[in-house]
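Throughout, a chain's letter reflects where its sequence line sits, starting with A, and its residues are numbered from 1. Values below: all heavy atoms of this structure, side chains included; hydrogens, waters and symmetry mates excluded.
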Protein chains: 2
Amino acid sequence: MSTPRTKTRDIARSAVREELAEVAFGVFCRDGFEKATFDDLAAAAGVSRSTFLRYFGTKEEVVLCAFDPLGDEMTAALRARPADEDDWTALRRAIDPAVACYARDPADKLALLRLVQATPALCARLREKVVGWRPHLARALAERSGASPLAALVRVAAALDCLTLALEHWVELDGGRALDAITDEAFASLTVARGRHHELR
Amino acid sequence: MSTPRTKTRDIARSAVREELAEVAFGVFCRDGFEKATFDDLAAAAGVSRSTFLRYFGTKEEVVLCAFDPLGDEMTAALRARPADEDDWTALRRAIDPAVACYARDPADKLALLRLVQATPALCARLREKVVGWRPHLARALAERSGASPLAALVRVAAALDCLTLALEHWVELDGGRALDAITDEAFASLTVARGRHHELR
DNA sequence: TGCGCTACTGATACTCAGTGTCAAGCTAGC
DNA sequence: GCTAGCTTGACACTGAGTATCAGTAGCGCA
């Protein structure tokens with residue numbers, strides 16, 4: 001059987017990945033993301049450039065793999081909402097896992113987000129990552145509420161933008177205001193003061 | 001005076017830029033964006049690699065510079081809306097210039113968007129470009145309606161997502177449905193069926 | 001304990017994007 | 001025509017990312 005074997009390998013692999021990412025984060029914070037080369041990272045971590053590259057593929061991924069679990073967590077959270085809940089409330093609650101994740105250890109997360117926001121390449125890649133979550137969330141939303149694929153995508157996109165913009169705001173305030181409250185405010189901007197546009201439909 | 005001189009230079013420069021971009025577009029469509037190198041493009045256009053690079057800076061920009069005017073056009077359109085119009089209607093009308101631009105020559109635009117959507121790197125860069133329009137639009141919106149900076153950003157982001165998602169949908173349908181109507185549908189997804197969330201505020 | 005399989009490692013070589021520099025050439029404006 | 005300043009092409013360089021390959025370490029199995 002190859003299953004247990006593969007499993008131990010995978011455990012080792014993700015442990016190494018985590019270790020490498022942590023060392024690299026220090027280097028990035030010290031030297032800046034663009035300044036630091038794979039040679040630097042490999043040297044700091046005590047492995048070869050080849051190995052470092054194999055673990056992450058791209059330099060951005062070294063930083064951004066930290067965000068990977070959030071997509072699935074949010075989709076699961078959305079699926080766990082009661083069936084009769086309206087879309088916006090369900091979406092607001094679906095991003096709670098993300099909000100909670102940042103609230104868990106704000107200092108580390110602030111440092112991470114500051115690095116990301118200070119680096120255009122990281123901003124762009126993170127954005128792509130978040131966009132990649134859209135289809136899963138939209139499918140879950142459509143299955144709940146019967147919204148059309150386009151409508152589901154639009155609402156999911158708006159909700160994820162609320163999260164992203166709330167995070168940016170949170171970082172700007174140095175974590176001085178609760179992310180939860182900022183996120184509520186962002187959602188409220190969507191759902192109140194929305195005017196009379198198309199209300200006839 | 002150096003103004004007239006600079007001006008003629010600039011005219012020549014943008015003419016060359018357009019020509020180069022057009023030649024390059026053909027190469028990209030034939031060989032694929034990632035396959036085509038700057039050497040290929042330069043050879044096809046009859047200039048040196050150095051010169052080609054000077055005109056665009058990055059390979060993505062060769063394709064995406066076509067989208068550059070839209071940001072300012074949309075901001076101007078937003079500022080031109082009547083002051084008492086609600087935010088969502090104003091934003092829907094603000095993106096009309098973009099919609100009109102695609103409707104003007106659908107065949108060319110569809111080909112362009114197909115190339116973009118088939119190429120992850122182009123998707124990502126275009127997304128960044130659109131995100132770069134957000135602050136200008138948000139400032140214009142906040143000045144109109146007195147919305148907070150965060151609220152303005154959230155609404156602008158949602159509106160731009162509507163445009164982007166409508167375009168994706170339009171391309172999927174091969175232009176078989178009016179972009180204008182798809183955009184209306186996307187906006188309607190934001191402004192109707194929004195449930196009871198946070199309506200107390 | 002020893003064998004064989006497999007995955008991991010590090011070395012090397014390569015392509016290509018993007019940066020910087022420089023001398024030569026062209027052109028608009030005098 | 002002259003000339004200042006922009007444009008061009010050539011060249012050299014850094015660094016990301018890809019691909020290959022031989023050596024090795026760990027694991028299951030006999």
Side-chain angles (χ1 to χ4, degrees), chain A residues 1-21 23-24 27-28 30-65 119-126 128, chain B residues 1-21 23-24 27-28 30-65 119-126 128:
Chain A
M1 223 181 12
S2 73
T3 308
R5 181 164 184 165
T6 303
K7 210 167 186 176
T8 32
R9 300 268 197 198
D10 281 357
I11 290 169
R13 191 172 173 78
S14 26
V16 173
R17 223 174 121 94
E18 208 157 319
E19 172 66 17
L20 294 182
V23 173
V27 177
F28 287 143
R30 208 188 51 226
D31 302 350
F33 179 80
E34 2 237 4
K35 276 280 216 171
T37 69
F38 271 114
D39 281 321
D40 298 336
L41 302 178
V47 299
S48 71
R49 195 186 96 109
S50 302
T51 298
F52 211 108
L53 248 134
R54 231 189 310 269
Y55 270 96
F56 295 100
T58 70
K59 218 166 71 165
E60 288 82 17
E61 199 57 22
V62 179
V63 176
L64 299 180
C65 64
T119 314
L122 288 174
C123 282
R125 284 276 192 155
L126 178 55
E128 287 311 291
Chain B
M1 226 183 7
S2 72
T3 307
R5 180 163 187 167
T6 304
K7 209 167 189 175
T8 29
R9 300 271 194 197
D10 281 357
I11 291 170
R13 188 172 175 80
S14 25
V16 173
R17 221 174 123 95
E18 207 157 320
E19 170 69 15
L20 294 182
V23 173
V27 177
F28 287 144
R30 207 188 52 225
D31 301 350
F33 179 80
E34 2 238 2
K35 276 279 217 174
T37 69
F38 272 114
D39 281 321
D40 297 336
L41 301 179
V47 298
S48 72
R49 195 186 97 108
S50 301
T51 298
F52 212 107
L53 249 139
R54 228 188 311 267
Y55 270 95
F56 295 100
T58 70
K59 220 166 69 165
E60 288 82 17
E61 200 57 21
V62 179
V63 176
L64 300 180
C65 64
T119 313
L122 288 175
C123 282
R125 284 276 193 158
L126 178 54
E128 287 311 290

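Using a 4.5 Å heavy-atom cutoff, the side chains of A/Leu41 and A/Val23 are not in contact. Inter-residue side-chain proximity for A/Asp39 and A/Phe52 is flagged as unmet; no heavy-atom pair is nearer than 4.5 Å. Using a 4.5 Å heavy-atom cutoff, the side chains of A/Tyr55 and A/Val62 are not in contact.
Listed nucleotides: D/dG17, D/dG9, D/dG15. Nearest to the side chain of A/Thr37: D/dG15.
Annotation for A/Pro120 and A/Glu34: closest pair CD-OE2, 4.1 Å, computed over non-hydrogen atoms. Across all non-hydrogen atoms, the minimal contact from B/Arg125 to B/Thr58 is NH2-CG2, 3.8 Å.
Atom C1' of nucleotide D/dG26 and atom CD1 of A/Ile11 are separated by 15 Å, given to the nearest angstrom. At whole-Å resolution of the value, CZ in B/Arg125 and C1' in C/dA17 are 11 Å apart. As rounded to whole Å, 13 Å separates atom C1' of D/dG17 from atom CD of B/Glu34. Taking atom CZ of B/Arg13 as the reference point, atom C1' of D/dG5 lies 14 Å away to the nearest angstrom.
Of the residues in residues 38-45 of chain B, none lies under 4.0 Å from DNA chain D by heavy-atom distance. For residues 51-61 of chain A, proximity to DNA chain C is found at A/Thr51, A/Arg54, A/Tyr55, defined as any non-hydrogen atom under 4.0 angstrom from a strand atom.
By the salt bridge (Lys or Arg N to Asp or Glu O under 4.0 Å) test, A/Glu19 is found to be paired with no residue, residues two or more places apart in sequence or in another chain being considered. Contacts of A/Phe33 classified as ring-ring contact (aromatic ring centres under 6.0 Å, His included), with partners at least two apart in sequence or in another chain: A/Phe28. By the side chain to side chain donor-acceptor pair (under 3.5 Å) test, A/Thr51 is found to be paired with A/Ser48, residues two or more places apart in sequence or in another chain being considered.
Atom NZ of A/Lys59 sits about 12.5 Å away from atom CG of A/Leu64, to the nearest 0.5 Å. Between the OG1 atom in A/Thr119 and the CD atom in A/Glu60 there is a gap of 9.5 Å [rounded to 0.5 Å]. Here SG of B/Cys65 is found 8.5 Å from CD of B/Glu18. Values are rounded to the nearest 0.5 Å.
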Show the distances under 3.5 angstrom between N or O atoms of the protein and N or O atoms of nucleotides 11-13 of chain D.
residue: D/dC11; atom: N4; partner: B/Ser50; partner atom: OG; Å: 3.4

